[in-house]
Amino acid sequence: MEQINRHFNGRLFTIATMHGKEQAIVPILSRAFNMIFSPAGELDTDQLGTFSGERERELSPLESARKKASDAHQQSGIGIVIASEGSFGPHPAMPFVAGDEEILCLKDFDNDNEIVVRVVSAATNYAMKTCMDRRDVREFAQRAKFPTHALIAKQAATSYSNMVKGIYTLSQLDDVAEQFISRGGSVYLETDMRAMNNPSRMLVIAEATEQLVTAMNSLCPLCTTPGYHILTVEPGLPCSLCTSPTRSTLYAQWGCSKCNHTENKYYPSGKTAEDPMYCDYCNP
Ligand SMILES: [Zn+2]
Ligand SMILES: [Zn+2]
């Protein structure tokens, strides 16, 4: 039988967003907890920085998400607010691959609680290129998953005056590119990373929302506050042959941000010894 989560079941929530992220987040939370979505009203989240670069983000992604959440709470009076923040760049584990890092921050203002999850995914079209002619433009567009994903055109990387965002059709792309090329000899194209223009990003946000559901169902064993999570993992799982410590995880330290209870959970992978293949002594 499915358990009812008394912390969230049936509660009203809103999302601090302008970019259609509710399409990814709302169905998952209504299914998991019967939560009811209510729009926060107009909120100019672009004030805190834009992906296309005309406004730099001054806060860290998490600080920015917290700021958006408290603004949306003040404006709407709704107790639960979810804010999301995406960052794009080299994937931390694969430097030659682009990565999309999505942070979701749930603030329960009625219970003074915060739950944060992060997902890093290589499933992104994030890219940019200076194109000299129509062939360049078409080649980049194809690589950037155009036209299911929108593009942005500028004269140069940091030139914002004639920037065109949300380009979705080939005829518009050709027209805009030709104007820039005839004016300045080239056009700078980049992927439009605003969620509503980028289905790949919407999928990563949905993946982060699934993780948020897991975290919302993770309760502190001492005070039952939701959001009980792993703080650190410690290596040192012994080798099954020589018993010396390996780099594999021996235990994970779990913690509650509300009551500061912590606990070390040993053998999180389910095994109490590591294969000698991963041992620096047996298999250097
Ligand atoms: Zn060994
Ligand atoms: Zn606790």
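For this chain, numbers begin at 1 and follow the sequence in order. Whatever order the structure lists them in is the order used to number ligands and atoms, beginning at 1.
- Around the Zn ion (ligand 2), the protein atoms of type N, O or S found under 2.8 Å away are Cys220 SG, Cys223 SG, Cys256 SG, Cys259 SG, listed by chain and number.
- Taking Glu101 as the reference, Arg118 meet the salt bridge (Lys or Arg N to Asp or Glu O under 4.0 Å) condition, with sequence neighbours excluded.
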Report the C-alpha distance between Phe13 and Phe37 in whole Å, list the side-chain angles of each, state the deciding distance to 0.1 Å, and finish with yes or no for ring pair (Phe, Tyr, Trp, His ring centres under 6.0 Å).
CA-CA 5 Å; Phe13 76 107; Phe37 171 67; 5.7 Å; yes
Do any side-chain atoms of residues 252-263 form donor-acceptor pairs under 3.5 angstrom with protein atoms, and if so which ones, sequence neighbours left out?
unit_1	atom_1	unit_2	atom_2	d
Lys258	NZ	Asn111	O	2.6
Lys258	NZ	Asp112	O	3.0
Glu263	OE1	Tyr228	OH	2.4

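- For the side chain to side chain contact (heavy atoms under 4.5 Å, CB included) with Ile80, the qualifying choice from Asp108, Leu12, Asn113 is Asp108, the only one to do so.
- A cation-pi contact links Arg183 to Phe180, judged by a cut-off of 6.0 Å to the six-membered ring centre and 45° from its axis.
- The aromatic rings of His73 and Phe109 lie parallel to each other, with less than 30° between the two planes, well short of the 60° mark.
- Protein atoms that are N, O or S and lie under 2.8 Å from the Zn ion (ligand 1) are these: Cys239 SG, Cys242 SG, Cys279 SG, Cys282 SG.
- Between the side chains of Ser200 and His149, a donor-acceptor pair is found at a separation under 3.5 Å.
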Step by step, would you call Asn197 with Asp192 a side chain to side chain donor-acceptor pair (under 3.5 Å)?
CA-CA 6 Å; Asn197 295 317; Asp192 193 332; 3.1 Å; yes
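- Lys154 and Ser159 share no side-chain donor-acceptor pair at under 3.5 Å.
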